[in-house]
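First listed ligand is number 1; within each ligand, the first listed atom is number 1.
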Amino acid sequence: MWKGRFKTDTAQLLKDFSESISFDWRLYRHDIVGSIAHATALQAAGLITKEELEAIRGGLLAIRDEIDKGEFPWQRDLEDVHMNIEAELTRRIGDPGAKLHTARSRNDQVALDIRLYLRDEAGEIIHLISEVQKSLVDLGERNAGVIIPGYTHLQRAQPVLFAHHLLAYVEMLARDAGRVADARKRLDVLPLGSGAIAGSTINLDRKLIARELGFPAISQNSMDAVSDRDFAVELLSALALIGVHLSRLSEDLILWASAEFKFVTISDAYTTGSSLMPQKKNPDVCELTRGKTGRLVGNLMALLTLLKGLPMTYNRDMQEDKEPVFDSLDTVKHSLQIYAAMLREIQVNPAPCASAVADWALLATDVADYLVLHGVPFRKAHEIVGKTVALCLERSVGLADLSLEDYKALSPAFEDDVYGVFNVERSIDARTNPGAPSRANVKAQLERWKAELN
Ligand code: ARG
């Protein structure tokens, strides 16, 4: 492509070092769509004829079909997806193919291709997030009556509905989808027409190209347009956070599926056995999802690090953006797909949940609230209940086992209605503020999400 200026061939070592076709081939559909739009503008500017435009379009679509079928002869020596397609087009149709790159550089071409590609991928990610959300809402609904201990510091804290716990993840994922949609908004800008760095002396109708490709806006600075990968950073950041969220969910499920908790059983289809220990049933999907989060965070760091020292404008370093981006997209899509499916098959075990929730200590805060409602300042109430808990531990009994005299000795504010506090359902249902887990609230949230996700 640049043979005019060079006396000798590129070293084979360099060819192997610099090729990107082994991974950027997957941009081919977007590269072809972009080239057709570019050719349309060339024709509108009178630089190619209608017939030449048709030859280009026909040639590119035939190449696309061949690539679809896996029959296209990719050549490593042609470096990347852009040169492979253009060279083959020219080999097939001659001059019109050689005119295609008029007023275009691979710098604005690759910027266009990635934006087009990521625009589609972002839509797919948003869809897959909603599938996981649906599975979570469904799992919560199927187990609407189940109460489990809520934990802080992984110590039993207060009772919550199992569905409330799951809905926390639905909220996180909704923010994730919002972040992806937001990144998509900023990448939905046409960079083509920026040339290598300074546009072109041959002025094509950029707005026409934007319309052809469905871009609502065109870039306003040619130097920025060819050197900008902010949109990829934003997307990788959103993908890393999706990974972090799925990783936390994984951790919860791994704990819940353990013999110590037994809150849930993950189906055989989504667990694996041990080659040595016959009894084992391992939550590998959760562990792998948790583990893959390392790559998602790493890919974001790789891209940020790659960009940080680059002078304006395009530098070949930027070719290194693709593998992290593709890897994060693949990883997140796989994880979301398998999570949506695995969650659909999770069984909740009511008995272990009920026995965990029977822990009297979960209601200690409720007793403090009781005292507050009987006129005791909260800090005092906290201390009195602390002493009450200590007394229970000393006697190895629960809160409900202390006599009214015991209670009166701890504080005269206690009446015999204190025994009404020792009821988990009451504790849950008293939490009626927006966002709190009363059964009515959680039911309403499940309904809201079901409506929103459909
Ligand atoms: N394969 C290159 C990339 O991915 C395309 C742009 C090449 N531009 C150049 N001036 N060498 O970044």
Within residues 195-215 or reaching into it, pairs that qualify as ring-ring contact (aromatic ring centres under 6.0 Å, His included) - sequence neighbours excluded: none
Qualifying salt bridge (charged side-chain N to carboxylate O under 4.0 Å, His left out) pairs with a residue from residues 272-283, counting only residues at least two apart or across chains: Asp268-Lys281
Pairing residues for Arg186 by the salt bridge (charged side-chain N to carboxylate O under 4.0 Å, His left out) criterion, not counting sequence neighbours: Asp182, Glu234
Positive for side chain to side chain donor-acceptor pair (under 3.5 Å) with Tyr117, one of Arg29, Arg26, His30: Arg26
Ser219 versus Arg206, side-chain donor and acceptor atoms under 3.5 Å: yes
Could you list each nitrogen or oxygen of ligand 1 that sits under 3.5 Å from a protein nitrogen or oxygen, with the atom names and the distance?
{"from": "ligand 1", "atom 1": "1 (N)", "to": "Asp80", "atom 2": "OD2", "distance (Å)": "3.0"}
{"from": "ligand 1", "atom 1": "1 (N)", "to": "Gln319", "atom 2": "OE1", "distance (Å)": "2.9"}
{"from": "ligand 1", "atom 1": "4 (O)", "to": "Lys322", "atom 2": "NZ", "distance (Å)": "2.5"}
{"from": "ligand 1", "atom 1": "8 (N)", "to": "Asn107", "atom 2": "OD1", "distance (Å)": "3.0"}
{"from": "ligand 1", "atom 1": "10 (N)", "to": "Asn107", "atom 2": "OD1", "distance (Å)": "3.2"}
{"from": "ligand 1", "atom 1": "11 (N)", "to": "Arg106", "atom 2": "NH2", "distance (Å)": "3.4"}
{"from": "ligand 1", "atom 1": "12 (O)", "to": "Tyr314", "atom 2": "OH", "distance (Å)": "2.5"}

Asn299 versus Ser328, side-chain donor and acceptor atoms under 3.5 Å: yes
